[in-house]
Engineer: 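Structure incoming, see below.
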Amino acid sequence: MQNFRNFRSRAPLRLGLAGGGTDLSPYSDLYGGAVLNLTIGRYANASLKLTESDTVRINSLDGGYSDEFPVGRLPINGPHALAAGVYNRIVKDYLHGQGFGAEICTSIDAPQGSGLGASSALTVALVDVFRVAFGLPLGEYDVAHLAFEIERLDLGLAGGKQDQYAASFGGINFIEFLAQDRVIVNPLRISESMLNDLQAAIVICFSGQSRASETVIKAQVSSITAEDPVVLASLHKLKEDAREMKLALSRGDFSALARVLNESWKAKKATAQGVSNAQIDQLWEIAHRNGAFAGKVSGAGGGGFVMFLVDPDARTRLFGALAQAGGVPDGITLTSKGVESWPTRI
């Protein structure tokens, strides 16, 4: 048997269909949250090489940076924070505080600030590659929860909970967020024909602007804490939209899916200033004139990717119109698997 010292992982990125924002604390703690999302064939990638050195090197292959630190508790400020945070937590919780030499490499199949849950997917990929390397007793819920704690508690990064669970489980999921950190992932059983239609109908378009989601999220949290009636009503609506969309998908009702998506976008924009902007509004207007019958921003908003539902026969026309307006349109591939990690000889 070969003694592997090199390991790789990948975790899928996601599109948020409905309910985004209701996974934020304190909303989920007070009222219970619900989201519906699906994973696509874009990934956050991580590799871990165990070394005999007394240093830990962290390389961002797409970010273009490389940092090296002495073995021990790694600093968590700077662009290497996610990898350092995962390393620190694994050493503390599972390796009795014993650091080790390593080389960690990361990359993401999307621009920074994409709104596709990329940072959380990368955290999940990093947790899982350590899981395989050290044989840690972690299931899908454990990996997602640990990734959430590392991001939100250890690193203090603003955000909700849905992205970690989407990346860990994969597929199309209705996810409920309850008090005391309880999470229930409900995989949806969708007909083959509906899956084919959904994949053919979804077009994503990078707005050309990386979003500053933290500003939007902090505004939403502040409004929830202050019990802003408009924001709370909008979040209640988003939660109900997630339930309605679940039924629409399960029944193969495409017209209901489009209706809920549009209603959800209106409610989303009411949760905070900056969810939409002039560029996003322009892309939506252009898309609507060129075959799209529904659309919304994926993620917290403010930039990143916009997703549209379109008659598949109008996809080519829509692609051309969005590109001419400065967007970067693309199709999607639905994926059914969550994070995957494996020992490698490469």
Engineer: Kindly work out whether a path of hydrophobic side-chain contacts (I/L/V/M/F/W/Y, heavy atoms less than 4.5 Å apart) joins Leu126 to Leu138.
Structural biologist: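 Yes, because Leu126 and Leu138 connect within a single hydrophobic cluster, where side-chain heavy atoms sit under 4.5 Å apart.
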
Engineer: Val185, Leu17: one ILVMFWY side-chain cluster at the under-4.5 Å cut-off?
Structural biologist: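 Per the 4.5 Å side-chain linkage, Val185 and Leu17 are not co-clustered.
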
Engineer: How far does OG of Ser119 sit from CD of Gln164, to the nearest 0.5 angstrom?
Structural biologist: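 Ser119 atom OG to Gln164 atom CD measures 10.0 Å (nearest 0.5 Å).
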
Engineer: Check for me, please, whether Ile172 and Met245 land in the same ILVMFWY cluster - side-chain distances under 4.5 Å, paths through other members count.
Structural biologist: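 Per the 4.5 Å side-chain linkage, Ile172 and Met245 are co-clustered.
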
Engineer: Between His236 and Tyr31, is the gap from one ring center to the other below 6.0 Å?
Structural biologist: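 They qualify: ring centres under 6.0 Å apart.
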
Engineer: Salt-bridge test for Lys161 and Glu176: reply yes if a basic N is under 4.0 Å from a carboxylate O, no otherwise.
Structural biologist: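 No, this pair does not count.
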
Engineer: Do Glu103 and Arg57 meet the salt-bridge criterion of a basic N to acidic O distance under 4.0 Å?
Structural biologist: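 Here Arg57 does not pair with Glu103 in a salt bridge, since their nearest N and O are not under 4.0 Å apart.
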
Engineer: Can you say whether the rings of Phe130 and Tyr87 are parallel (under 30°), tilted (30 to 60°) or perpendicular (over 60°)?
Structural biologist: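 Plane angle over 60°, so perpendicular.
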
Engineer: Provide the closest heavy-atom pair for Val231 versus Ala270 in the form atom of the first, atom of the second, distance.
Structural biologist: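 Where Val231 meets Ala270 most closely, the heavy atoms are CG2-O, 4.0 Å.
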
Engineer: Testing the basics here: between Gly291 and Val310, what is the closest heavy-atom pair and its distance to 0.1 Å?
Structural biologist: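 Heavy atoms of Gly291 and Val310 come nearest at O-CG2, 3.2 Å.
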
Engineer: When you compare the side chains of Ser9 and Asp128, does any donor N or O come within less than 3.5 Å of an acceptor on the partner?
Structural biologist: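 There is no such pair between these side chains.
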
Engineer: Does a side-chain heavy-atom distance below 4.5 Å link Leu24 with Gln220?
Structural biologist: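 Heavy-atom side-chain distance check passes, below 4.5 Å.
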
Engineer: Between Glu340 and Arg8, is the closest basic N to carboxylate O distance under 4.0 Å?
Structural biologist: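 Result for this pair is no, no salt bridge flagged.
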
Engineer: Out of curiosity, does Leu195 fall in the hydrophobic cluster containing Phe169 (side-chain heavy atoms, cut-off under 4.5 Å, transitive links)?
Structural biologist: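 They do not share one cluster, since no chain of ILVMFWY contacts under 4.5 Å joins Phe169 to Leu195.
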
Engineer: Check step by step if side-chain hydrogen bond (donor to acceptor under 3.5 Å, both in side chains) holds for Asp281 and Ser276.
Structural biologist: CA-CA 7 Å; Asp281 290 342; Ser276 190; 2.6 Å; yes

Engineer: Identify the residue among Phe7, Phe100, Tyr94 that makes a ring pair (Phe, Tyr, Trp, His ring centres under 6.0 Å) with Phe134.
Structural biologist: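 It is Phe100; the other options fail the test.
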
Engineer: Is the shortest heavy-atom distance from the side chain of Phe177 to the side chain of Tyr27 under 4.5 Å?
Structural biologist: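 No - every pair of side-chain heavy atoms lies 4.5 Å or more apart.
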
Engineer: May I ask you to check if Lys246 and Phe174 form a cation-pi contact, with NZ or CZ under 6.0 angstrom from the six-membered ring centre and within 45° of the axis?
Structural biologist: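 Yes.
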
Engineer: Decide if the gap between the ring center of Phe308 and the ring center of Phe293 is smaller than 6.0 angstrom.
Structural biologist: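 They do not qualify: ring centres at least 6.0 Å apart.
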
Engineer: Is there a side-chain contact between Leu247 and Asp253, using heavy atoms and a 4.5 Å cut-off?
Structural biologist: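 Not touching, per the 4.5 Å side-chain cut-off.
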
Engineer: Say you draw a straight line from CG of Leu309 to NZ of Lys296; how long is it, rounded to the nearest 0.5 Å?
Structural biologist: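 Reported to 0.5 Å precision, the distance equals 10.5 Å.
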
Engineer: Do Asp330 and Arg42 have side chains that approach each other closer than 4.5 Å (heavy atoms only, starting at C-beta)?
Structural biologist: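 In short, these two side chains touch, coming nearer than 4.5 Å.
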
Engineer: Check whether the side chains of Asn59 and Ser66 place a donor and an acceptor atom closer than 3.5 Å, and report yes or no.
Structural biologist: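 Yes, a side-chain donor-acceptor pair sits under 3.5 Å.
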
Engineer: Run the side-chain hydrogen bond (donor to acceptor under 3.5 Å, both in side chains) check on Thr39 and Thr335 step by step: do they pass?
Structural biologist: CA-CA 6 Å; Thr39 53; Thr335 61; 2.8 Å; yes

Engineer: Hey, are the side chains of Leu334 and Ile332 touching, using non-hydrogen atoms and a 4.5 Å cut-off?
Structural biologist: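 A side-chain contact under 4.5 Å exists here.
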
Engineer: Would you say the side-chain atoms of Ser47 and Asn45 include a donor-acceptor pair closer than 3.5 Å?
Structural biologist: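 Distance-only check fails for Ser47 and Asn45.
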
